[in-house]
Amino acid sequence: MSATTRITVTLPTEQVAELKRLTDNVSGYVAEAVARQIRHQLLGEELRRYEDEHGAFTDEELAAAQARIFDSAARENPASAA
């Protein structure tokens, strides 16, 4: 298990109520959301660096990437693809 650090976070009351309705592990839920946001931001930075070096993605490259993403998501969760 990775090391953890306790912090205090202030959230709107409505969000806390919804979190508690959705999960009995608020810390885990928030940790996963933070990890997902960090991955999203790092990927965005990497894509910007790539475009700075190689130019903008073509429509064909974007379409191929979108197809791979959605095909992968469908294989991982067949129920949501229906």
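What you see is a predicted model, and the numbers here were worked out from it, not measured in a lab.
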Separation between CG (Leu42) and CD (Gln37), nearest 0.5 Å, reads 10.0 Å
Quick one: pull up CG in Leu47 and CD in Glu45 and give me the separation to the nearest 0.5 Å.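 The CG atom of Leu47 sits 10.5 Å away from the CD atom of Glu45.
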Could you walk me through whether Glu46 and Arg49 pass salt bridge (charged side-chain N to carboxylate O under 4.0 Å, His left out), step by step? CA-CA 5 Å; Glu46 186 62 30; Arg49 276 195 295 272; 2.8 Å; yes
For Arg48, is there an ion pair with Glu51 - N to carboxylate O distance below 4.0 angstrom? no
Hey, does Val30 have a side-chain heavy atom less than 4.5 Å from the side chain of Leu19? yes
Taking ring pair (Phe, Tyr, Trp, His ring centres under 6.0 Å) as the definition, give me every residue that meets it alongside Tyr29, ordered by chain and number, with sequence neighbours left out. none
With hydrophobic residues grouped by side-chain heavy-atom distances under 4.5 Å, do [X] and [Y] end up in a single group?
X: Ile38; Y: Leu43; value: no
X: Phe70; Y: Leu62; value: no
X: Tyr50; Y: Ile69; value: no

Atom NE2 of residue position His54 - does it have more than 12 heavy atoms of other residues, nucleotides or ligands inside 6.0 Å? yes
Over 12 non-hydrogen atoms of neighbours within 6.0 angstrom of CG in Asp52: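 Yes.
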Using the rule given for salt bridge (charged side-chain N to carboxylate O under 4.0 Å, His left out), can you reason through Glu14 versus Arg21, listing the C-alpha separation, both sets of side-chain angles and the distance that settles it, and then say yes or no? CA-CA 11 Å; Glu14 299 81 21; Arg21 189 184 70 74; over 6 Å; no
Can you name the side-chain hydrogen bond (donor to acceptor under 3.5 Å, both in side chains) partners of Glu61, sequence neighbours left out?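 For Glu61, the residues satisfying side-chain hydrogen bond (donor to acceptor under 3.5 Å, both in side chains) (neighbours in sequence not counted) are Thr58.
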